[in-house]
Amino acid sequence: MCEHYVARAAKPFALGELWPFTEKLERFGIAGFGWGASWLNAEGRLEGYRDLRAFGDDPGRERIGDVRTTSALVHLRRPSKLSTLTLADTQPFLDRAQRFAFSHNGDLRDYKRFRPAYREAGRIHGRADTEVGQRWLEDQWADGRSPADLLCRLHETFGGQANLALLTADGTPHAYAGNTENPMFTFRLGWIGVASTGIYSLDRSLFRYTAPTATDRKLVPPRSTVALDRDGTPLAEG
């Protein structure tokens, strides 16, 4: 299973400041089958990077680590089906209309019910469930619903154990806790606020092994969403 997190701060930070945490999250979360990141650039647009190598093996992380931003989403992959080890299935997914970036941890149980229609429309390029969730979000986004409502509705529609993350075009990260096998937590690493999955441990071992210096540690209640405000402080969204 995958791990992911969102981060935000009041002033720009280099993504590399999060790399020590990311390395440990990959190691103790037993990921290492590709990784990716999305962030808000200096022009206020979303950018992204994805690679099939493990985070720890990819030299590209050094270049991406120099990127400065105030908001980011990072995904570390461990797919349920190794047949999906393709770049097309590597996350996060970046909306072509620049409205959001999306990632997922766990499983979207009923994705096969929606996949044929997206495939016939030429909108499916990989094999995994997350891309189907991405296409659903793209179609639902125009309804004007809040990101928190959309994430909740996505989980209700597809079912399964699913933690979900969004980085929206205004730079707001959103994290939905819907995987009871992998709790989500919010905390601070210095001045950077973070919402992260918990290395598939039904306790607070995330902090012992990956973020021992974290402060303001809180559990995200199941089936709820938090947003990180401009200071990186978590705000409950229901």
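The shortest heavy-atom contact between Pro79 and Arg77 is CB-NH2, 3.5 Å. Pairing each heavy atom of Cys2 with each of Asn182, the nearest pair is O-ND2, 4.0 Å. For the pair Gly65 and Ala14, the tightest heavy-atom approach, listed with the atom from each and the gap, is O-CB, 3.6 Å. Smallest separation of non-hydrogen atoms from Ala162 and Leu108: CB-CD2, 3.9 Å. The two atoms that bring Ala165 and Val6 nearest to each other are CB-CG1, 4.0 Å, heavy atoms only. The nearest pair of heavy atoms linking Leu167 to Ser38 is CD2-O, 3.8 Å.
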Does the side chain to side chain donor-acceptor pair (under 3.5 Å) test come out yes or no for His4 and Ser103, once each step is laid out?
CA-CA 8 Å; His4 68 197; Ser103 71; 2.9 Å; yes

Between Leu137 and Leu166, does the side-chain contact (heavy atoms from CB on, under 4.5 Å) criterion hold? Intermediate values first, please.
CA-CA 10 Å; Leu137 273 176; Leu166 279 177; 4.1 Å; yes

For Thr157 and Asp110, run side-chain contact (heavy atoms from CB on, under 4.5 Å): C-alpha distance rounded to whole Å, both residues' side-chain angles, the deciding distance at 0.1 Å, then the answer.
CA-CA 8 Å; Thr157 299; Asp110 298 330; over 6 Å; no

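Using a 4.5 Å heavy-atom cutoff, the side chains of Phe158 and Val132 are in contact. Side-chain contact check for Thr69 versus Asn41: every heavy-atom pair is 4.5 Å or farther apart. Taking 4.5 Å as the limit, some side-chain heavy atom of Phe207 sits within range of a side-chain heavy atom of Arg217. At a threshold of 4.5 Å between non-hydrogen side-chain atoms, the residues Leu52 and Thr90 count as touching. Under the 4.5 Å side-chain criterion, counting only non-hydrogen atoms from C-beta, Glu3 is not in contact with Thr210.
Hydrophobic clustering keeps Ile64 apart from Leu94 (ILVMFWY residues linked when any side-chain heavy atoms are closer than 4.5 Å, directly or through intermediates). At a threshold of 4.5 Å between side-chain heavy atoms, the hydrophobic network of Ile, Leu, Val, Met, Phe, Trp and Tyr places Ile124 and Trp136 in one connected group. Note on Tyr111: it clusters hydrophobically with Leu154, by side-chain heavy-atom contacts below 4.5 Å among ILVMFWY residues. Leu46 and Val67 fall into different hydrophobic clusters, where Ile, Leu, Val, Met, Phe, Trp and Tyr side chains are chained together by heavy-atom contacts under 4.5 Å. Criterion: ILVMFWY side-chain heavy atoms under 4.5 Å apart, direct or through other members. Under it, Leu25 and Leu219 are part of a common hydrophobic cluster.
Every residue two or more places apart in sequence or in another chain that forms a salt bridge (charged side-chain N to carboxylate O under 4.0 Å, His left out) with Asp51 is listed here: Arg53. Among residues two or more places apart in sequence or in another chain, the salt bridge (charged side-chain N to carboxylate O under 4.0 Å, His left out) test is passed with Asp216 by none. Residues that satisfy the salt bridge (charged side-chain N to carboxylate O under 4.0 Å, His left out) test with Arg135, not counting sequence neighbours, are Glu131, Glu138. With sequence neighbours excluded, the residues that form a side-chain contact (heavy atoms from CB on, under 4.5 Å) with Ala31 are Glu26, Leu76, Arg78. In terms of the salt bridge (charged side-chain N to carboxylate O under 4.0 Å, His left out) criterion, Asp229 has no residue partners (sequence neighbours excluded). Looking at residues two or more places apart in sequence or on another chain, you find no side-chain contact (heavy atoms from CB on, under 4.5 Å) involving Ala142.
Between the side chain of Arg188 and the backbone N or O of Trp191, at least one donor-acceptor pair lies under 3.5 Å. The backbone N or O of Arg208 sits nowhere less than 3.5 Å from a side-chain atom of Ser205 that would complete a donor-acceptor pair. Panel note: side chain Arg50, backbone Leu87; a donor-acceptor pair is recorded below 3.5 Å.
Note that CZ of Phe13 and OG of Ser71 are 6.5 Å apart. Values are rounded to the nearest 0.5 Å. Atom CZ of Arg68 sits about 9.0 Å away from atom NZ of Lys11, to the nearest 0.5 Å. One finds the CD atom of Gln140 at 12.0 Å from the CG atom of Leu151 (value rounded to the nearest 0.5 Å). Put simply, NZ on Lys218 and CE on Met184 are 15.0 Å apart, with the number rounded to the nearest 0.5 Å. How far CG of Asp89 is from NZ of Lys81: 11.0 Å, rounded to the nearest 0.5 Å. We find the CG-OG1 distance between Leu228 and Thr70 to be 11.5 Å, quoted to the nearest 0.5 Å.
Pairs of residues two or more places apart, or lying in two chains, that qualify as ring pair (Phe, Tyr, Trp, His ring centres under 6.0 Å) and include a residue from residues 21-55 are Tyr5-Phe21, Trp19-Trp35, Trp19-Phe55, Phe21-Phe187, Phe28-Tyr209, Trp35-Tyr49, Trp35-Phe55. Contacts classified as ring pair (Phe, Tyr, Trp, His ring centres under 6.0 Å) and involving residues 218-238 (residues at least two apart or in different chains) are not found. Applying the side-chain hydrogen bond (donor to acceptor under 3.5 Å, both in side chains) test to every pair with at least one member in residues 161-171, sequence neighbours left out, gives these pairs: Asn105-Asn163, Gln161-Thr180, Thr168-Asp170, Asp170-Thr172. Within the structure, ring pair (Phe, Tyr, Trp, His ring centres under 6.0 Å) pairs that include any residue of residues 68-105 comprise Phe100-Trp141 (at least two apart or interchain). Listed by first and then second residue, the ring pair (Phe, Tyr, Trp, His ring centres under 6.0 Å) pairs that reach into residues 215-238 come to none, sequence neighbours excluded.
Of the charged side-chain nitrogens involved, none lies within less than 4.0 Å of a carboxylate oxygen, so that Arg63 and Asp58 do not count as a salt-bridged pair.
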Solution key, residues 220-227 side-chain donor-acceptor pairs under 3.5 Å, sequence neighbours excluded:
unit_1 : atom_1 : unit_2 : atom_2 : d
Arg223 : NH1    : His155 : ND1    : 3.4
Ser224 : OG     : Pro221 : O      : 2.5

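Atom CD1 of Ile30 has 12 or fewer neighbouring heavy atoms from other residues, nucleotides or ligands inside a 6.0 Å radius. Atom CZ of Arg153 has more than 12 neighbouring heavy atoms from other residues, nucleotides or ligands inside a 6.0 Å radius. Within 6.0 Å of CZ in Arg99 there are more than 12 heavy atoms belonging to other residues, nucleotides or ligands.
Defined by atom type and a distance below 3.5 Å, a donor-acceptor pair is missing between the side-chain atoms of Gln134 and Asp95.
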